[in-house]
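Have a look at the structure below, then the notes.
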Amino acid sequence: MKMFDFIRPASIDEAIAAWRPGAAWLGGGTNLVDLMKTGAAQPDRLIDLGRLPGLDRIETGAEGATRIGARVGNADLARDADFARRFPMVAEALLSGASGQLRNAATVAGNLMQRTRCPYFQNPETACNKRRPGTGCDARGGVGDNYAVLGWSDDCIATHPSDFCVPLAALDAVVEVIGPNGAREIAFADFHHLPGTTPDRETALEPGELILALRLPAAAAEFAGHARYLKLRDRTSFAFATVSAAAALKIEGGIITGARLALGAVAAKPWRAAEAEALLTGHAPDAALFDRAAEAALSDAVPAHDNAWKIPIARRVAARALALAARGTPARMPALPASVFAAEEPAHV
Amino acid sequence: MSLSISFTVNGTRRDLTIDDPRVTLLDLLRERLGLPGTKKGCDRGQCGACTVLVNGRRINSCLTLAATLDGARITTIEGLAQGDALHPVQTAFIENDGFQCGYCTPGQIMSAVGLIAEASAGEDLERIREGMSGNLCRCAAYHGITRAVQQATRRMAEAEQEGTA
Ligand SMILES: Cc1cc2nc3c(=O)[nH]c(=O)nc-3n(C[C@H](O)[C@H](O)[C@H](O)COP(=O)(O)OP(=O)(O)OC[C@H]3O[C@@H](n4cnc5c(N)ncnc54)[C@H](O)[C@@H]3O)c2cc1C
Ligand code: SF4
Ligand code: FES
Ligand code: FES
């Protein structure tokens, strides 16, 4: 591991002042320390956010929006009873990610900023446009099965691995950031970038900017009664998604009056399926409708690799997530969160 | 660059100077503090062999930089037994054949102690398996491990009830 200096600022101002090119913010370290060990990340300064005051709170304001501090633990957020009741598919996504130990250490901002699991990206010996712009992409023609089917480019075919980010995209979260030029907000849809010709520019964060919090609008809680996260993976637990979907419905008088759908592990960002949402709205929930919506969600999909199989699987995961959401949010978190093997739990209402 | 940190390990206060900020909690415990009970499997967060408690919560010590732990309370496998009296989770692993080679066992036991404190699985075998999925066992002693966690959960709840009755 490359040597670095270690800074422990006590305030946000001190943290911003400590940043310089080559520095990295340290959250729980579960992704960054791993990549520093392989050599894929080589910061020369780590700025530990562990002492910054106020970043570990979950607050609901007067208008009902919920603000989650950047350093709230993934496990703490998922287990917050009020949060899980209002945003059940976010809690389910969090609990389907990583392991009990990792969720305790991982922070919400770190989860947003985690890097791709592309095996070539993680190995500094290979050509990778994301890690070293202009060197090429060894994943193309290489091995691996976690590549994109949507939004990829000739320069990079990697996917974003987060579970948490998928329901956040569906629910129109907002990211609050601060930097040398002051504070600003970024809509979740604009936060993660598609690769284009600059796969190294992964997010809308400018150099030296720090995430302070995430916000879920009050309207996001209106989906609480019919919201599910479904995650297909190589083993039942402790594995990254092969394909996942966050599906949420508002159903009034037997008619869908609002729909949200986002897919995970299919692109370099969580993939919001706006056409599918439009197609669902105004109709009675049924299997044929969900199939049509899933079809629409994947209509632009093109395999980037030897992964044409992913497209029909993504369709089925999307349709099934919609069907599960229509059935109603379970009263209790399933024993196997987001698993296709989860036993059916009695619905909420 | 050296950093001064102090934390407690198994109840004993340690004041340390860290000369190299790259050291993980796992390497610090094993190489410097003479506590080799915590094991290194993958060194990448993927196996759970290095699980310890930090402020009562289970984490992977291989991905935790020691420099971040100023003021923390750390518990390792060496700190569970009270003298000759084993911790209920340790007893349950023995009684339920929760191991074969034993390499993953300290991590399994620390993870189980953390899981029981989280109180999210109870005695439900499926929830226990899910809650313990961050700990791999190359010998596949999973059946015994799951039963051990279930038994320890029950016994600890009973002991607590007797304590408060
Ligand atoms: C074995 C394993 C399995 C996993 N499985 C899953 C899974 O199934 N699903 C899933 O979603 N995730 C999974 N993860 C990833 C895990 O969720 C992430 O590692 C974790 O969320 C990162 O959070 P952290 O706080 O540890 O981030 P760190 O490792 O500390 O940081 C990650 C990145 O975020 C940046 N950063 C941190 N905080 C801020 C901030 N406030 N502002 C700006 N930038 C910041 C850092 O500079 C760094 O670039 C897994 C990880 C491992 C090791
Ligand atoms: S797919 Fe992207 S991350 Fe993977 S090697 Fe190619 S450029 Fe790098
Ligand atoms: S050694 Fe830490 S998880 Fe494997
Ligand atoms: S007992 Fe051998 S690895 Fe678990």
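Each chain gets a letter, A, B and so on, in the order its sequence line appears, and its residues count up from 1.
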Original post:
B:Asp70, B:Thr64, B:Ile128, B:Asp124: which one forms the most heavy-atom pairs within less than 4.5 Å of chain A?
Top reply: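 Heavy-atom pairs under 4.5 Å are most numerous for B:Asp70.
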
Under 4.5 Å heavy-atom distance to chain A, tell me which part of [X] shows up: side chain, backbone, both or neither.
| X | answer |
| --- | --- |
| B:Leu136 | side chain |
| B:Thr24 | side chain |
| B:Ile59 | both |

Subject >> Minimum side-chain heavy-atom gap A:Arg103-B:Arg57 below 4.5 Å >> reply: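 No, side chains not in contact.
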
Subject >> Residue pair A:Met1 / B:Asp20, side-chain heavy-atom distance below 4.5 Å >> reply: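 With C-beta onward as the side chain, the pair stays apart.
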
Contact part of [X] toward chain B, heavy-atom cut-off under 4.5 Å: side chain, backbone, both or neither?
| X | result |
| --- | --- |
| A:Ser339 | neither |
| A:Leu32 | neither |
| A:Met3 | both |

Original post:
Out of B:Leu53, B:Asn60, B:Leu63, which one pairs with A:Gln101 under the side-chain contact (heavy atoms from CB on, under 4.5 Å) rule?
Top reply: B:Asn60

Rounded to the nearest 0.5 Å, how far apart are [atom1] of [X] and [atom2] of [Y]?
| X | Y | atom1 | atom2 | result |
| --- | --- | --- | --- | --- |
| A:Phe238 | B:Glu130 | CZ | CD | 11.0 Å |
| B:Arg58 | A:Asn104 | CZ | CG | 6.5 Å |
| B:Leu65 | A:Phe4 | CG | CZ | 5.0 Å |
| A:Ser237 | B:Arg129 | OG | CZ | 11.0 Å |
| B:Asp43 | A:Asp34 | CG | CG | 9.0 Å |
| B:Thr68 | A:Arg51 | OG1 | CZ | 10.5 Å |

**OP:** Locate the shortest heavy-atom distance separating A:Lys2 from B:Arg22; write the atom from each residue and the value.
**Re:** O-CD, 3.6 Å

Original post:
Which heavy atom in B:Gly45 sits nearest to a heavy atom in A:Leu102, and how many Å separate them?
Top reply: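 The pair with the smallest heavy-atom distance is O-CD1, 3.6 Å.
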
